[in-house]
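What follows is a short report on a single structure.
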Amino acid sequence: MQEILKIKSIKAEEILASNGKPTLKVEVFLENGISQKFKVPIGTSKGKKEAKEIRDNNPNYFLGLGVKKAIKNIKEVIEPKLVGENVFLQDKIDQILIELDGTKDKSKLGANALIGVSAASLKAASKAKKMPLWKYVSQIYNFSPKIPGFLMNFVNGGKHSFSPLKFQEYLFVIEGKIKVLERLNLAYFVFEKLKEKVKMLGVKGIGVGDEGGIVFPFKDEKLPLKILNEIISSLPPLTSHYSLPLLGLDFAASSFYKNGFYETSSKNLTSQEMLKYILEITKKFNLFYLEDPFCEDDFESFKKLNLETKNFNFPSFVVGDDLTVTNETLIEKAGKMKAISGVIIKPNQIGTISETIKAIKMAQKLNLKIIVSHRSGETEDNFLADFAVGVGSDFSKMGGICRGERIVKYNRIIEIENEIQSI
Ligand code: PGA
Ligand code: ZN
């Protein structure tokens, strides 16, 4: 028998995300007095096929970015329909949200309003069951929970900083059986070494970008890879059973694709030349992870790269983010045509929890690596840590070892590791 606990009310307020932009805090109250909040993250380098946020467009208020309309949609349209619904029926709650919106891209009520309500309901249900969120997610959706590998961000370029670098994210892949604190120890070591090395190049002040990596002061996109590889080879044996980290990149290539060319630091490249360039740096720097290496419409180039990487004598994954936008249909297309070997999952790209779960299930069916990811505009909500563990993701992207809104997620993973072990 399905237990019943009804939603009593929903509250939504305007707060700020880590980049100073307004976002929503949504709180779902249940009939037994329990309530839970979710704070909605914001993307900066968004895919054009993502579900759409609603913003107020009043230029005198946060330059048009206010979210009062989205809040009004929750109060006037969503709350009246969800009051009285059973919080344990997440799929039904999400179905009501999808039908109330009625558009393909959630542009009527706003993906920011929808994911706020959807995720806050999920959190409230897990609280009511007195279960940690990761456990609740794994139980209701039938996943094997696990601590994912980390894709940690050390250099921020592209739209995530004022660095002249075109590539958006330089990542360390830290995985294996090592404990979370040991991984973070390693990350801290790398971060400090990186700052030292960049200072040695004559730079006085080093800032951090949106996701906690440094703002690299030079435009040569190969230089951070060279420096990071030097750091890898100088790492001390920190633990006995520890595998050395590998490097990865989120190119976010749509952001420097202009008029049919990829505008790299040295020259403008055609898709074919870009493919050659990516293969060259992947081999030279042993890149394990290649996210959005081409623009978001170019499934064919993804496919060519994915095929080529299979010939390497080290593992290298081609991953879709803007290409697939947590959309089940796009993931199916990319997976079936073998354009990707991994996929980014961001709940606010699609707008509800159950659609996010469908995207993950599709990716699992197609044997794709699953990478649960933060957004560049984050909040102090630690939801993502539980979600990444609960769905049994292979990797998580939660930022660098810097900036509070990233650190809360790592701190939650430390707790979850203990919770999993004590079961
Ligand atoms: P975002 O991008 O700025 O849209 O969050 C992050 C990413 O591309 O992975
Ligand atoms: Zn990305």
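All ligand and atom numbering here is 1-based and tracks the order in the structure. It should be emphasised that the depicted structure is a prediction, and the values quoted were computed from it without experimental measurement.
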Enumerate the atoms of ligand 1 whose separation from the nearest heavy atom of Ser45 is less than 4.0 angstrom.
1 (P), 2 (O), 3 (O), 4 (O), 8 (O)

Can you list the atoms of ligand 1 that are under 4.0 Å from a heavy atom of Glu169?
6 (C), 7 (C), 8 (O), 9 (O)

Using a strict cut-off of 2.8 Å, how many protein N/O/S atoms surround the Zn ion (ligand 2)?
3

Using a strict 4.0 Å cut-off to heavy atoms of Lys397, name the atoms of ligand 1 that fall inside it.
9 (O)

Any side-chain donor-acceptor pair under 3.5 Å between Gln90 and Ser118?
yes

Distance filter under 4.0 Å to Ser376 heavy atoms, resulting ligand 1 atoms
1 (P), 3 (O), 5 (O)

At less than 4.0 angstrom from any non-hydrogen atom of Gly43, what atoms of ligand 1 do you find?
1 (P), 3 (O), 4 (O), 5 (O)

Would you confirm whether the ring centroid of Phe216 sits within less than 6.0 angstrom of the ring centroid of Tyr170?
no

Show which atoms of ligand 1 fall inside a sub-4.0 Å distance from at least one heavy-atom site of His160.
1 (P), 2 (O), 3 (O), 6 (C)

Using the ring of Phe285 (Phe, Tyr or Trp, six-membered ring only), decide whether Lys226 places NZ or CZ under 6.0 Å from its centre and within 45 degrees of its axis.
no

Ring centre gap for Tyr289 and Phe317 strictly below 6.0 Å
no

With a cut-off of 4.0 Å, which atoms of ligand 1 are near a heavy atom of Arg375?
1 (P), 4 (O), 5 (O)

Over 60° means perpendicular and under 30° means parallel, so tell me whether Phe167 and Phe256 are parallel, tilted or perpendicular.
tilted

Which residue from Lys159, Lys346, Lys46 reaches closest to atom 6 (C) of ligand 1 through any of its heavy atoms?
Lys346

Validation row, ring centre Tyr410 to ring centre Phe150 under 6.0 Å:
yes

Any atoms of ligand 1 less than 4.0 Å from a non-hydrogen atom of Asp321? List them with their elements.
7 (C), 8 (O), 9 (O)

Verdict with reasoning, Ser271 to Leu275, per side chain to side chain contact (heavy atoms under 4.5 Å, CB included):
CA-CA 6 Å; Ser271 301; Leu275 175 66; over 6 Å; no

Return the residue, atom name and 0.1 Å-rounded distance of the protein heavy atom closest to atom 8 (O) of ligand 1.
Gln168 NE2, 2.9 Å

Taking the six-membered ring of Phe154 as reference, does the cationic atom of Lys195 (NZ for Lys, CZ for Arg) lie under 6.0 Å from its centre and within 45° of its axis?
no

Please find out if less than 6.0 Å separates the ring center of Phe288 from that of Phe314.
no

Residue, atom and distance of the protein heavy atom nearest atom 1 (P) of ligand 1 read Thr44 N, 3.4 Å

N or O pair under 3.5 Å between Asp250 and ligand 1:
yes

Enumerate, atom names and distances included, each donor-acceptor pair closer than 3.5 Å involving a side-chain atom of residues 107-114, sequence neighbours excluded.
| unit_1 | atom_1 | unit_2 | atom_2 | d |
| --- | --- | --- | --- | --- |
| Ser107 | OG | Asp105 | OD1 | 2.6 |
| Asn112 | OD1 | Ile54 | N | 3.0 |
| Asn112 | ND2 | Ile54 | O | 2.9 |

Would you say the side chains of Glu355 and Thr352 form a donor-acceptor pair under 3.5 Å?
yes

Between Lys397, Arg375, Lys346, which is the residue that forms a salt bridge (Lys or Arg N to Asp or Glu O under 4.0 Å) with Asp321?
Lys346

